[in-house]
Amino acid sequence: MLYSQGEMLEKILLLFCLSSALAENLCRPDASNGYKVRLSIKRALGDEAYVWNQDEMFLFRATLAFAMRNHLSGQDFQVSNILVCDETPRVSFWFIVTSPLDATRPVGKEDVEEAIRKSRSRINSAFLLTDQTLEFIGIIPTLAAPVSPDTPPWLIVFGVVMGSVGAGIIVLLVYPVVHKRLKKDEEEEELEEEEGEEETRRVKTMENGAAGDGAHNLSFTDDERFTQM
Amino acid sequence: MDKEAESAEQMQVSGLKEIKERPKWDNKVQYLLTCIGFAVGLGNVWRFPYLCQVYGGGAFLIPYVIALVFEGLPLLHMELAIGQRLRMGSVGVWNSISPYMGGLGVASMAVSFLVGLFYNMILAWILWYFFNSFQNPLPWRDCPVNLNHTGYVSECEKSSPVNYFWYRQTLNITSNIEISGSVQWWLVLCLASAWCLVYICFIRGIETIGKAIYVTATFPYLVLTIFWVRALTLPGATDGLIYLFTPNWETLKNPQVWLDAATQIFFSLSLAFGGLIAFSSYNTQKNNCEKDALIVGCVNSLTSIYASIPVFAIIGFKANENYNVCRNWNILTLTNAFNVGDENITLENYNDWLNYLNTTDTSEVKSLNLKTCNLQTFLDQSASGTGLAFIVFTEAVIRMPGSQVWSVLFFVMLFSLGLSSMFGNLEGVLTPLLDLHMIPSWMPKEIFTGLMCLTSFTVGPYLYLGLWKLLAGDFQQLRGIHATAHHSIL
């Protein structure tokens, strides 16, 4: 029995080595089903940058497993399905996703790409990074649709400016006409008043005799005009 | 005796009519501001600094001052004097001096009209940029995204967002000057608003111009001062200023420099356009025009120098930014290729790292095609004219914090500068027409100025579309007009 246990142990060890070797073979730089990831933590966060260690790597693998579950619903991806290799101080590494049903079979590139695209914002926010500082080499981030308002803002400003200018032009054109008309009315009223006064004065002078000249002396107003020269 | 009295009365009445009908300036300040506003135009901001920098900085000031003293001031004095003494516009004045010289007056009037046509197009472009400055982010900051959101429009990626906005989204330029493009409706709208703004100030001739000029002539100085303060605090400003003012005395040996200085003074003071004669004709005859000429000439030149400082400080800032972008690109490429820790390579230790990596792995470094970043090349990218305002400056503005404010201020300043120059162009046409009594007496002045603006608005676009070619029998003549037109932007 001891002998069979030893054999069992050997076989288990062999299997373990084989599987880990296989795993190592699956994940390597330029793997056909793998992607390279590059993080620029210091560039993104400056003084608040966290240190990249194995715990952070665990979070990454877990986030990626989440992304895969999100995309391929029904398949229970585990952290162990995300294989990582070739870590550099940059921080950059390669990863490959294996199927939960068969640890030796990698998941197709298109599925991985689609999964990451779907959950990109969640992955970014898990690490407090952006599309530019957490790069998946080969997966182009979908650019945010630009906010295009219904009326272009420049038309609004144009409308405001033209409206005020138009109003100003109308005021400038209409004001002198209105002013003249008002003045004319005033002058007519004044003339009527003066004539009325003259009449009363004439009546008065006629009553008083030749006391003074009641008529309005126009010659003075002429002189005023000429002295301007 | 009755007959004498009658004729005396008639003379007095006609003299009275003349005095009654000729408007005059409310005060001396209005007149001076109008002349200064006419002389100080877009060229002070975007032509003089460029000339200064191209022709060896501080050394250019020598031919410039000599041209001012021997060419600018005397001609300016003459124009102000004859306008004031003869109290007529350009046509009447030259006809009075000698009937054979009447053509000069007519030519001045024609040139003023033609210049007014396309000068307002520049104001329309300025308005377009002004209208577009009220959004966040500014539309010339980013390339527009293509239809399926996978990347940017390819045309924009190949050049830059600022270039794309100017050449494609504003002008929608065709590939060849032979090909006449179509009318761009947004530019027509901007041109219409430019003409409306001009009309509201010009509606009653100098009566309304005199009121408007208080704002349009002084506002640019306010904005220039604000830009002085802002520009001199930007990083890289000193590089621009050193670049501008470093004297290169060798350039003085080149006759082209002297020619350009003379041309610049001539067109900057807007001499021979008829506008100055028109303005001074509304003065009293006893006015001291010699002092006025000195004031206007000196203020114009001082403004040019004053404006060139923030302009070149901002060019220096922009060059500095581009230089840093270039170097940072190199750093990022190296970091990514050699998987060096993030931000281990900085601007300071870049050279050490480069040498180290070059010795260890030369082929890899070569394959990266690192750019050679030279501050001088970026400084040499300075431009003049529309290039300065709509490409260089707009690019600098997007890198400043609070871009919208600076953009709005800058384009309002350019608009006021251009507007006050437009007044001179239009008065150079209106005053001779008034003097020649070519306006029917039943038509009020407001309607006539409105007709002038409307005609210019409708005729103008044909000038910069196909009709330009149709009218061009002799391309040489066209070039002459074009050169005059081009220089009058000064």
Side-chain angles (χ1 to χ4, degrees), chain A residues 29 36 38-46 49 51-52 86-93 132-133 135 137 140-149 152-177 180 222-223 225-229, chain B residues 8-9 11-13 15-16 18-20 127-137 139 142-146 148-152 186 189-190 192-201 203-204 207-208 211 328 331-332 335-344 408 444-447 450 453:
Chain A
K36 180 168 182 182
R38 189 153 59 209
L39 290 93
S40 312
I41 307 168
K42 274 193 216 147
R43 192 152 61 103
L45 302 168
V51 178
W52 186 260
D86 194 32
E87 274 188 68
T88 67
R90 169 64 184 79
V91 173
S92 71
F93 48 85
Q132 285 75 41
T133 39
E135 299 165 81
I137 314 294
I140 313 166
T142 18
L143 298 160
V147 178
S148 50
W154 75 266
L155 266 180
I156 300 173
V157 184
F158 167 76
V160 167
V161 169
M162 280 297 266
S164 39
V165 168
I169 290 176
I170 292 173
V171 164
L172 278 177
L173 285 175
V174 167
Y175 177 73
V177 176
K180 248 191 239 173
D222 276 343
D223 273 346
R225 295 207 320 242
F226 285 144
T227 44
Q228 264 185 27
M229 280 169 80
Chain B
E9 230 183 85
M11 259 180 62
Q12 277 171 339
V13 165
L16 162 72
E18 200 249 292
I19 292 165
K20 217 181 173 181
L127 268 187
W128 164 254
Y129 269 81
F130 168 72
F131 291 152
N132 273 297
S133 305
F134 287 94
Q135 21 182 319
N136 185 25
D142 303 313
C143 278
V145 177
N146 65 14
N148 43 7
H149 296 298
T150 50
Y152 298 114
W186 55 90
L189 282 183
C190 291
S193 45
W195 275 115
C196 285
L197 280 163
V198 167
Y199 177 52
I200 197 177
C201 297
I203 194 165
R204 281 198 212 109
E207 291 168 35
T208 39
K211 310 283 187 308
N328 278 325
I331 288 174
L332 197 63
T335 313
N336 287 345
F338 289 98
N339 289 317
V340 182
D342 188 20
E343 305 244 316
N344 275 6
V408 167
K445 204 192 233 176
E446 290 88 341
I447 307 290
C453 292

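What you see is a predicted model, and the numbers here were worked out from it, not measured in a lab. Chain naming here is simple, since letters A, B, ... match the order of the sequence lines and numbering starts at 1 in each. Side chains included, hydrogens not; waters and symmetry mates left out as well; all remaining heavy atoms used.
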B:Trp186 versus chain A, heavy atoms under 4.5 Å apart: side chain, backbone, both or neither?
both

Between CZ on residue A:Phe158 and CZ on residue B:Phe130, distance to nearest 0.5 Å
12.5 Å

In Å and rounded to the nearest 0.5 Å, what is the CG to NZ distance from B:Asn339 to A:Lys36?
4.5 Å

With a 4.5 angstrom heavy-atom cut-off, which part of B:Tyr199 approaches chain A: side chain, backbone, both or neither?
side chain

Could you have a look at B:Leu332, B:Leu189, B:Thr335 and say which one has the most heavy-atom pairs with chain A under 4.5 angstrom?
B:Leu189

Side chain, backbone, both or neither: which part of A:Ser92 has a non-hydrogen atom closer than 4.5 Å to chain B?
side chain

Check each atom of A:Leu155 against the heavy atoms of chain B and say whether the ones under 4.5 Å are side chain, backbone, both or neither.
side chain

Side chains of A:Lys42 and B:Asn344: closer than 4.5 Å at any heavy-atom pair?
yes

Does any backbone or side-chain atom of A:Arg43 lie under 4.5 Å from a heavy atom of chain B? Answer side chain, backbone, both or neither.
both

Quick check on B:Ile203 against chain A: is it the side chain, the backbone, both or neither that has a heavy atom closer than 4.5 Å?
side chain

In terms of the angle between their ring planes, are B:Phe131 and A:Trp154 parallel, tilted or perpendicular, with boundaries placed at 30° and 60°?
parallel

Select one option (side chain, backbone, both, neither) describing which atoms of B:Asn336 are under 4.5 Å from chain A's heavy atoms.
both

Kindly give the heavy-atom pair with the smallest separation between B:Cys196 and A:Met162, and that separation in Å.
SG-CE, 3.8 Å

Whatever's closer than 4.5 Å to a heavy atom in chain B on A:Val165 counts as both

